[in-house]
K.L.:
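Have a look at this one before I ask anything.
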Amino acid sequence: MWSRNAFTDRLNLKWPILQAPMGWLSTPTLAAAVSNAGGLGGLGMWGYSAEEAERRIAGFQQMSGGGLNANYPLWPEPKITPDISEPMRARLQGHFDAKGLGAVPEPSGAAGEVSREHLSMLVRTKPKMVSFHFGLPHREIISALKDAGIFIISSATTVAEARLLEERGVDAIIAQGTEAGGHRATFTGVDISLQPGLFALLPQVVDAVKVPVIAAGGVADGRTVAAAFVLGASAVQVGTAFLRCAEANVLDAHRAALREPTDACTVVTDVITGRPARYVKNELIEDLLASGLRPVAFPAQLSLTAPLEKTGDRELTALFAGQSAALATRDTTAGAFVDSLAEATSECLRAFARA
Ligand SMILES: Cc1cc2nc3c(=O)[nH]c(=O)nc-3n(C[C@H](O)[C@H](O)[C@H](O)COP(=O)(O)O)c2cc1C
């Protein structure tokens, strides 16, 4: 049975389907629905204080007795310099003026880290899994989480990154292909144009490491889940397709864009947040790319572009999406989506076994 392996046994999962933790777009309701359906729900902790993060975990626990993946993207304090921020603010001012939004704010942003408060909260609340994006935190943090019995994972965008994560003691590795929506997980500065697609990356990572490998990037229906298992995955992590679920915290403009994507509507760019991420291309991205300006350091660039989302205009909104957005064909609920994904995968693999 494709759905039973060492990874699912260790995490007590019915289905090896992880809902990607997607910052503030992932909600306790979404994660609980996924875990209740037999997958593993994920909650992004980006930007939340330890108290807020604990409330998110408690909210999940009120709705589900299943496992939870609490996620921490890691990045240094942004270095903000006027030579970069002022031309960028001037360029964005045109968009702000057109929508009557006033002055573009001063850029701001803090480091993304697992603070002492977050660590003690995690050790106390014990989510089944803690995942990281953009590398791993200090060894002592990993040891403390592992001593608490928490399963640790992080993403790799190349074989070399996967080997580094394994050396640092992760329990499993997410192989993130370039198809993926959201930020590139690279923590070694892999050039975007060199990042492999999942079809090439996944079997090479599987061959290179001993720990279970989770496939991410473009997995959105039964065929793509089945393909990931044939290529050696122990589980899949799905992001973009879960944005079509009612429980996800997705703006109306973003939802509208996700209803009519094509295979070639997305672009990877750093102009929205300061780090490369994949979005449905729109006028804001086109204008900032045409400007040739460097974005302010991540995530401070987001403090300049995010106010434009208040307009409700999809041409000015960050439309995070992966290349397989068009494979997620229906607005649905998370439990129904997990059920249909698992059933479609089983059917797909049965059909191949019969052939
Ligand atoms: C809207 C959005 C936000 C994301 N935010 C995070 C995040 O905060 N942390 C993280 O580890 N991965 C994040 N990801 C990346 C996912 O973990 C995963 O690599 C990706 O969604 C897989 O590709 P797919 O979108 O084609 O399914 C995000 C993805 C999306 C689409």
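Throughout, numbering of the chain's residues begins at 1 and tracks the sequence. Numbering of ligands and ligand atoms starts at 1, following listing order.
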K.L.:
Are Pro107 and Arg89 packed together at the side-chain level, in the sense that at least one heavy-atom pair is separated by less than 4.5 angstrom?
P.N.:
yes
K.L.:
Among protein heavy atoms, which lies nearest atom 8 (O) of ligand 1, and at what distance?
P.N.:
Gly23 N, 3.2 Å
K.L.:
Can you give the donor-acceptor pairs under 3.5 Å from side chains of residues 9-17 to other protein atoms, not counting sequence neighbours?
P.N.:
from	atom 1	to	atom 2	distance (Å)
Asp9	OD1	Arg4	NE	2.9
Asp9	OD1	Arg4	NH2	3.0

K.L.:
Do any nitrogen or oxygen atoms of Gly182 lie less than 3.5 angstrom from nitrogen or oxygen atoms of ligand 1?
P.N.:
no
K.L.:
Between Phe187 and Phe134, does a ring pair (Phe, Tyr, Trp, His ring centres under 6.0 Å) hold up when you go through it step by step?
P.N.:
CA-CA 5 Å; Phe187 54 96; Phe134 312 138; 9.6 Å; no
K.L.:
Give the ring-plane orientation class for His118 versus Tyr72, where under 30° counts as parallel, over 60° as perpendicular and anything between as tilted.
P.N.:
perpendicular
K.L.:
Should one rank Ser26, Gly239, Ala241 by closest heavy-atom distance to atom 21 (O) of ligand 1, which comes out on top?
P.N.:
Gly239
K.L.:
Ligand 1 and Leu243, any nitrogen or oxygen pair closer than 3.5 angstrom?
P.N.:
no
K.L.:
Would the distance check show the side chain of Ser26 and the main-chain N or O of Leu43 forming a donor-acceptor pair, the cut-off being under 3.5 Å?
P.N.:
no
K.L.:
Of the protein's non-hydrogen atoms, which lies at the shortest distance from atom 19 (O) of ligand 1, and what is that distance?
P.N.:
Gln176 NE2, 3.1 Å
K.L.:
For atom 13 (C) of ligand 1, which candidate among Gly42, Pro21, Ala20, Gly177 holds the nearest heavy atom?
P.N.:
Pro21
K.L.:
Below 4.0 angstrom from a heavy atom of Val238, which ligand 1 atoms are there? Numbered from 1 as shown, please.
P.N.:
27 (O)
K.L.:
Below 3.5 Å, N or O to N or O, backbone or side chain included: is there any such pair between Gly181 and ligand 1?
P.N.:
yes
K.L.:
Around atom 22 (C) of ligand 1, find the nearest protein heavy atom and jot down its residue, atom name and distance.
P.N.:
Gly217 N, 3.5 Å
K.L.:
Can you list every pair that meets salt bridge (charged side-chain N to carboxylate O under 4.0 Å, His left out) and has a residue in residues 131-146, with sequence neighbours left out?
P.N.:
Lys146-Asp171
K.L.:
Within the structure, does Gln237 bring an N/O atom to less than 3.5 angstrom of an N/O atom in ligand 1?
P.N.:
yes
K.L.:
Tell me the protein heavy atom at minimum distance from atom 26 (O) of ligand 1, and give that distance in Å.
P.N.:
Gly218 N, 2.8 Å
K.L.:
Is it true that Lys281 and Glu315 make a salt bridge, defined as a side-chain N closer than 4.0 Å to a carboxylate O?
P.N.:
no
K.L.:
Going by heavy-atom distance to atom 23 (O) of ligand 1, choose the closest among Ala328, Ala277, Ala180.
P.N.:
Ala180
K.L.:
Compute both the distance and the angle, then confirm whether Arg55 meets the cation-pi test with Tyr48: under 6.0 Å from the six-membered ring centre, within 45 degrees of the axis.
P.N.:
no
K.L.:
Measure the distance from atom 1 (C) of ligand 1 to every protein heavy atom, then report the residue, atom name and distance (to 0.1 Å) of the closest one.
P.N.:
Phe320 CB, 3.4 Å
K.L.:
Which one holds for Asn71 and ligand 1: side chain close, backbone close, both close, or neither close, with close meaning a heavy atom under 4.0 Å?
P.N.:
side chain
K.L.:
Using a plain distance cutoff, I'd like to know if His133 has any nitrogen or oxygen under 3.5 Å from a nitrogen or oxygen of ligand 1.
P.N.:
yes
K.L.:
Quick one: look up the protein heavy atom nearest atom 25 (O) of ligand 1 and list residue, atom name and how far away it is.
P.N.:
Thr240 OG1, 2.5 Å
K.L.:
Determine the minimum heavy-atom distance between Pro137 and Leu74, stating which atoms define it.
P.N.:
N-CD1, 3.4 Å
K.L.:
Does a salt bridge link Arg244 with Asp331, judged by any charged N lying under 4.0 Å from a carboxylate O?
P.N.:
yes
K.L.:
Would you call Glu179 and Arg278 a salt bridge, taking side-chain N to carboxylate O under 4.0 Å as the test?
P.N.:
no
K.L.:
Atom 5 (N) of ligand 1: which protein heavy atom is closest, and how many Å away?
P.N.:
Met22 CA, 3.3 Å
